[in-house]
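Here's the structure we're looking at; comments come further down.
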Amino acid sequence: MCFMYIDNTITLDSSKLPQMLKDDFADLQRYYATGDWFNFGITIENSVPSIKAFYANGTIDTEMFSLIRKKFGIV
């Protein structure tokens, strides 16, 4: 079973996010709100490599990378 976690006290500046991550994060919020752990798990697992790639290529900065990790409980 997937551990669903979102810290809704953390707000991400969407103007600094690629559209792909905006879409993934919107899906995660929806799955979290409805308790859909299955789709939440699939989406978070598929999002992590993209988040790391966007960080590695400089699309998102260190601060945003850290906020994303905290918001979604990504280790």
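These values consider heavy atoms only, across backbone and side chains, with no hydrogens, waters or symmetry-generated copies.
- The only member of T59, I60, I51 that meets side chain to side chain contact (heavy atoms under 4.5 Å, CB included) when paired with L17 is I60.
- When side chains are defined from C-beta on, L12 counts as touching F72, because their heavy atoms get closer than 4.5 Å.
- Looking at T9 and K71, their side chains never come closer than 4.5 Å, going by heavy atoms from C-beta outward.
- Note that the CD1 atom of I42 and the CG atom of L28 stand 11.5 Å from one another [nearest 0.5 Å].
- Distance check: K52 NZ to I74 CD1 gives 8.5 Å after rounding to the nearest 0.5 Å.
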Any chance you could lay out the side chain to side chain donor-acceptor pair (under 3.5 Å) test for T34 and D36, step after step, and finish with the verdict? CA-CA 5 Å; T34 60; D36 185 348; 4.9 Å; no
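- The CD atom of Q29 sits 12.0 Å away from atom OG1 of T43, with the distance rounded to the nearest 0.5 Å.
- Taken from OG1 in T62 to CE in M64, the straight-line distance is 11.5 Å, to the nearest 0.5 Å.
- Taking the six-membered ring for Trp and the full ring otherwise, the centers of F65 and Y55 sit less than 6.0 Å from each other.
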In residues 18-26, what donor-acceptor pairs under 3.5 Å come from side-chain atoms, sequence neighbours left out?
from, atom 1, to, atom 2, distance (Å)
Q19, NE2, D23, OD1, 2.8
K22, NZ, S14, O, 3.3
D24, OD2, S47, OG, 3.0

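- Side chains of F40 and D27 form no contact here, defined as non-hydrogen atoms less than 4.5 Å apart.
- Note: I44 CD1 to F3 CZ = 11.5 Å, rounded to the nearest 0.5 Å.
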